[in-house]
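Counting begins at 1 with the first residue of the sequence.
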Amino acid sequence: MEKYLLGIDLGGTNLRVAVVTSDGQLVEEMNVKTESEKGPYYVINQMIKLCENIMRERNIDAIGIGSPGPLDVKQGIILSPNNLPGWDNIPLVDMLEKALQKKVVLDNDANAAALAEAIIGAGKGKESVFYITVSTGVGGGFVFRKQLLQGANFCAGEIGNLIVESDGPPHHALNVGALETLASGTAVKKRGIEELGLTGHTGEVFALAMTGDKEAQKIVDQMITSLAKGIANIVHTVDPHIIVLGGGVMQSKDYIMPLLVERVNDFLYPQLRNKVEMVNATLGTKAGVIGAALLTQQAAF
């Protein structure tokens, strides 16, 4: 019987579980509401039931989980994610391994998505891929020759805390002027509420900017400038063959990308200008669950 990998994408709103082949092809996917308000043990029990149902029909080799951070990847513990209240020091890997009797690997959701986009998505065929997600927060992951680079303390690619404006807004968990506080969907939404009187949907700011509204354009321009500074820092540090951008904010890619490419060039060495390949992610919401499964092939079992 053919062996498959099982991927779990644990989000604050949705819980996705998928069967994936060893080369990253999606075979079967289930998507349910996380119901995080019911607490971690309710969600974990739901997770186990979904996995058990699949394992009755499929020969599963290993299980990978992509989760919001912060995490202790080495110990397999979820520490205290902002969008999973009550998930404090939850030993998820140990709990699943005991319940399912399979090897389980945990990493953050941005790393999982990075791996999928690098191996079968927009970065396929490139030697080095830096993936950036611009959504509620800003995250990243760096894949070199199909291997996720995690760093000595499993914090490689945590670009959300890069300082891009020394006098930027404060944050309870990040540096003052961190990239996430200036370029995330949350940052754009906050300014849309405060400065434009919008109802709170991030996409409203981009929609208004596209109609020519000067105040909305100013908010988007400042967001793009901050993101461009972060990307320039990445390029000058690891010089990837391609940068892949995903996440909810990039749904406005037709408006954002041309401006972003131009602005990134403003912050690069002259010899690097117009040489950095930047593309949109292609896997959408499936990147996280596919990448989670592929995490199992990154670990030394």
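- No side-chain N or O of Asp213 forms a donor-acceptor pair with one of Thr211 less than 3.5 Å apart.
- Residues meeting the side-chain contact (heavy atoms from CB on, under 4.5 Å) test with Thr237, sequence neighbours left out: none.
- A salt bridge is absent between Asp9 and Lys286; no separation between the charged side-chain nitrogens and carboxylate oxygens falls under 4.0 Å.
- Under a 4.0 Å N-O distance rule, the pair Glu52/Arg56 does not qualify as a salt bridge.
- Using a 4.0 Å cut-off between charged side-chain N and carboxylate O, Arg58 and Glu2 make no salt bridge.
- When all heavy atoms of Ala281 and Ala122 are compared, the pair lying nearest together is CA-CB, 4.2 Å.
- Checking Ser128 against His241 by side-chain atom types alone, a donor-acceptor pair falls below 3.5 Å.
- Around the CD atom of Glu262, the shell of radius 6.0 Å holds no more than 12 heavy atoms that belong to other residues, nucleotides or ligands.
- Defined by atom type and a distance below 3.5 Å, a donor-acceptor pair is present between the side-chain atoms of Glu158 and Asn108.
- Under the ring pair (Phe, Tyr, Trp, His ring centres under 6.0 Å) criterion, Phe206 pairs with no residue, sequence neighbours left out.
- No salt bridge links Glu204 with Lys189; every basic N to acidic carboxylate O contact stays at or beyond 4.0 Å.
- Summarising the geometry of Phe267 relative to His236, their closest heavy-atom pair is O-CE1, 3.2 Å, with the distance given to 0.1 Å.
- Evaluation of the salt bridge (charged side-chain N to carboxylate O under 4.0 Å, His left out) rule for Glu127 yields Arg145 as partners, not counting sequence neighbours.
- Closest of all the heavy-atom pairs between Leu106 and Ser67 is CD1-CB, 3.9 Å.
- In this model, no donor atom of one side chain and acceptor atom of the other lie less than 3.5 Å apart for Asn161 and Glu180.
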